[in-house]
Visitor: 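Next up is a structure, given as C-alpha cells.
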Amino acid sequence: MRLRLHYSPLRGITKANVNKLTVAWTYRTGALTPETGLNKKAAFEATPLMVGGTLYVITPFNKVIALDPATGTERWTYDPKVDRGLNYSEVTSRGVSMWKKSRLFFGTIDGRLICLDAKAGKPCTGFGEGGAIMLNYDSDPPDVGEHEVTSPPAIVGDLVVVGSAIGDNGRVDMGRGLVRAYDVRTGKQRWSFNTLLPLGDNNSSGAANAWSLITVDAARKMLFVPTSSPSPDYFGGLRPGDDNYANSVVALDAMTGNVMWHFQVVHHDLWDYDIASQPVLVMFKSTPAVAVTTKMGHLFILDRRSGKPLLPIEERPVPKSDIPEERASATQPFPRNPSLVPNRLTAADAWGKDDAEREACRAKIAALRNDGIFTPPSVGGTLVYPGNVGGVAWGGAAYDPVRKLLIVPTNRLAFAVRLIPRAEFAAERAKANDNRLRGEFGGQTGAPYAMYREPLTSPNGVPCNPPPWGALSAVDVETGAIKWEVPIGARATPALGGALVTASGLTFISAALWDDTLRAFDTMTGKVVWETKLPAGGQSTPMTYRYKGHQYIVLAAGGHAKAGTTLGDHVLAWRLK
C-alpha cells in the first residue's frame, strides 16, 4: 500500500469475488497483558507494513512484531519496554517505517526514536545510543509521558523525520512541537523545524506539534507537515495573532528543513481544530497537488510546489469572542467547494429517538452560544460543530488516482465547550472524566481560564445532532464535488480510522465506533459489497499485499478504549478461498 495515498494497485480481489474472502490467519499480540490502568487509553490504530517478504506491526505499547505474511507466524518481536506505570496522554502507535528494506524506524509513547535491523529485530548499532534517540522536545530533562510519538516517522533520502504528540490542554507553556530530521545510519540530527518560530522566543505557548503523519514527495524532496493548535487549545489571549505555523500544512525542503510555503486552515485556533489527517498527494488535472482535509470538514486542494489554492478559497467573517482577554480572528479561510460535513446546528434541528430526547436536546442547544462554525468558547458554554473529533480525524483521505476520487471518512458530532474561570476550576475539576468522547477537563494552567468539553447528547447518550454521525464520502479531486455519501455501518456510527482503496474499484474500511465490522464498498457508488464481523474494534486502516500468488487484506483489530469500542489484540488477514 502506498502510505501517502492509502491506495493499492492490486486487482486480484474484485467486486465479483470479494464475497469469497475468508480469514487466512489471526495473530494475537498480547498487548493488553499485563493489565494496567493504561489499558483504559489503549488504541490499536496501526497499519501493518509489508516489506521484503515480512509483515511488520506495532502495538499500542510499541512492541514491534515481524510476521510471516502467509501464515501469521511470528518471526521475531522487539519490546522497547515502555514504562506502564507512567501516565501518557495517548497510548497508541499508527505504524512503523522502513529504509531500504534494512532499517525499521518507529517512535514510542515515551518519546524515543528507535532503529531496528529489519531482518533480525535487534537495535541498530551505531544509531544514537544503543539504537535509540531520546527525543527531547524543548524540555530539559525530557518530560516523559507528555511528549510522545504516535505516528510512523517519514523517510526521505537518508533522513528519518519525526514529529511529536503533545497533550496541549494541560498548560500554556507546553513543549514546542519541533520536527526533526536524523541521519538514518548514525542518528545524528541534520535539522530541526520549530513550528512556533513566527511567535517569537518570548511567547510562552507550546505545542503546534505534528502528531499526525508527515507526507513525503520523494521526487521533489519535499515534506508536507500537518500541525496542531498551540497550547492551550481553547484560550488564545496569551498568543495574539494568527499563530503561524500552527494549524497549517507546512511544506519543507526535506534536505534542510527550510520552509518553502505554508497554508493555515484555522487562524488563532480556539477549538482544537488540529490538522489531524495526513496531507495526500494528488494530481489536479496536470498539476501536482496536495489535498488537505480538516476537522471542520473543509477540503483544500493546493499546488504542491507553491501552496497556491487550486480550488477557490475566501476569507469570511466569523463570530467575535465575548471573553475580555481574547482576540479571536475576525475571518477564517473557507473553500468554495462543498463542506464534507454539516457545520450548523440549531435547536430546531435537535434529534432524538422520542419526544423526550428531542426536547432535552433542544434545551441543551438553546442554552449554548451558537453563532455557527468558529463561534469562540465562552464561560456560559458554546456549541462547537463539528467537534474536535472531526470532520476528518486522523484516518484521513484515501486517493484513487485512476478514478480521481478522494474517499473520506467523516464524523458529525456536536460538542459543548465551556471556559472555567481559574478561581472556580478546583471545584469543577472534581467532575473530571478521562473518557474523551464523554467529558474532559483541561487545566490550561497559566491561563485565566480552564476548560470543559463534552459531546452534546441526550440523557440516554444519543447525539443531539441528526444522523448520520459518521459517513464515507467520495469527492471529485478536480471540482471538490461530493459524488456520493453513505453512512458507515447500519448504525450511522462515528468513525476513527482510515480507508484503503484498490485499483479493482473496492474501498475497505472498519473505522466505525459502534460496529465491529470490516466492510468493502464499491468505490464508484458507495454500495456495500461485502462485510465481516471483527473480534474487536477496527479503529485502524486496512492494508493489502500480494504474497506467493495470493492477495491479502490485513487489519489490526484491537479497539479504542477512549472511544469505548471492544478491546482486543488481533491482527487478521483475509484472502480468497
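The first residue in the sequence is number 1, and the count goes up from there.
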Visitor: Taking the side chain as every heavy atom from C-beta outward, state whether V156 and L223 have any atom pair closer than 4.5 Å.
Guide: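 V156 vs L223: side chains touch.
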Visitor: State yes or no: are the ring centers of F105 and F127 separated by less than 6.0 Å?
Guide: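 Ring centres of F127 and F105 closer than 6.0 Å.
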Visitor: So among N244, D269, N247, which one has a side-chain hydrogen bond (donor to acceptor under 3.5 Å, both in side chains) with Q264?
Guide: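 Exactly one candidate clears the test, N244.
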Visitor: Scan side-chain atoms only and decide if Y385 and R412 contain a donor-acceptor pair under the 3.5 Å cut-off.
Guide: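 Looking only at side-chain atoms, R412 and Y385 do not form any donor-acceptor pair under 3.5 Å.
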Visitor: Would you say the side-chain atoms of E326 and S321 include a donor-acceptor pair closer than 3.5 Å?
Guide: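 Distance-only check fails for E326 and S321.
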Visitor: Could you check, using the six-membered ring where one of them is a Trp, whether Y7 and Y399 have ring centers closer than 6.0 angstrom?
Guide: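 No, too far apart.
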Visitor: Could you check whether any side-chain heavy atom of F521 comes within less than 4.5 Å of a side-chain heavy atom of V486, counting everything from C-beta outward?
Guide: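 They are in contact (side-chain heavy atoms under 4.5 Å apart), so the answer is yes.
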Visitor: E90 and W211: side-chain donor and acceptor closer than 3.5 Å?
Guide: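 There is no such pair (donor and acceptor under 3.5 Å, judged by atom type) between the side chains of E90 and W211.
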Visitor: Can you find a heavy atom in the side chain of V179 that is under 4.5 Å from one in the side chain of W191?
Guide: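 The answer is yes, as the side chains (C-beta and beyond) meet within the 4.5 Å cut-off.
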Visitor: Considering only heavy atoms from C-beta outward, does the side chain of V266 approach that of M296 to under 4.5 Å?
Guide: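 The answer is yes; the side chains approach within 4.5 Å.
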Visitor: Using every non-hydrogen atom in the two residues, find where I109 and Y88 come nearest and quote the distance to one decimal.
Guide: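 Nearest pair, atom of I109 first, then Y88: O-CD2, 3.2 Å.
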Visitor: Please enumerate all residues that pass ring-ring contact (aromatic ring centres under 6.0 Å, His included) together with F61, with sequence neighbours excluded.
Guide: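 Applying ring-ring contact (aromatic ring centres under 6.0 Å, His included) to F61 gives none.
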Visitor: Please report the shortest heavy-atom distance between I482 and S473, naming the atom on each side.
Guide: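 Shortest heavy-atom contact: CG2-CB, 4.4 Å.
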Visitor: Does D400 have any side chain to side chain donor-acceptor pair (under 3.5 Å) partners at least two apart in sequence or in another chain, and if so, which?
Guide: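 Testing D400 for side chain to side chain donor-acceptor pair (under 3.5 Å), a comparison that skips the adjacent residues, returns R403.
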Visitor: Search all heavy atoms of P376 against all heavy atoms of T382 and return the closest pair with its distance.
Guide: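 Taking every non-hydrogen atom into account, O-OG1, 2.9 Å.
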Visitor: Please indicate whether K483 has more than 12 foreign heavy atoms, meaning atoms of other residues, nucleotides or ligands, lying under 6.0 Å from its NZ.
Guide: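 Incorrect, the count does not exceed 12.
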Visitor: How about F374 and F334: are their ring centroids closer than 6.0 Å?
Guide: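 Ring centroids of F374 and F334 are less than 6.0 Å from each other.
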Visitor: Can you name the residues that form a salt bridge (charged side-chain N to carboxylate O under 4.0 Å, His left out) with D168, not counting sequence neighbours?
Guide: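 If we apply the salt bridge (charged side-chain N to carboxylate O under 4.0 Å, His left out) test to D168, skipping adjacent residues, there are no hits.
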Visitor: Heavy-atom distance under 4.5 Å between the side chains of W469 and I488, does that happen here?
Guide: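 A side-chain contact is absent here, since even the closest heavy-atom pair is not under 4.5 Å.
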Visitor: Can a side-chain donor-acceptor contact be found between K41 and N87 if the only test is distance below 3.5 angstrom?
Guide: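 Side-chain D/A pair, N87 to K41: present.
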Visitor: Is the distance between the ring centroids of F300 and F263 under 6.0 Å?
Guide: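 Yes, the ring of F300 comes within the 6.0 Å limit of the ring of F263, centre to centre.
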Visitor: Please report the shortest heavy-atom distance between P377 and V417, naming the atom on each side.
Guide: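 Smallest heavy-atom distance, with atoms named: CB-CG1, 4.1 Å.
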Visitor: Side chains of R316 and T331: is there a donor and an acceptor less than 3.5 Å apart?
Guide: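 The criterion, which ignores hydrogens and geometry beyond distance, is not satisfied for T331 and R316.
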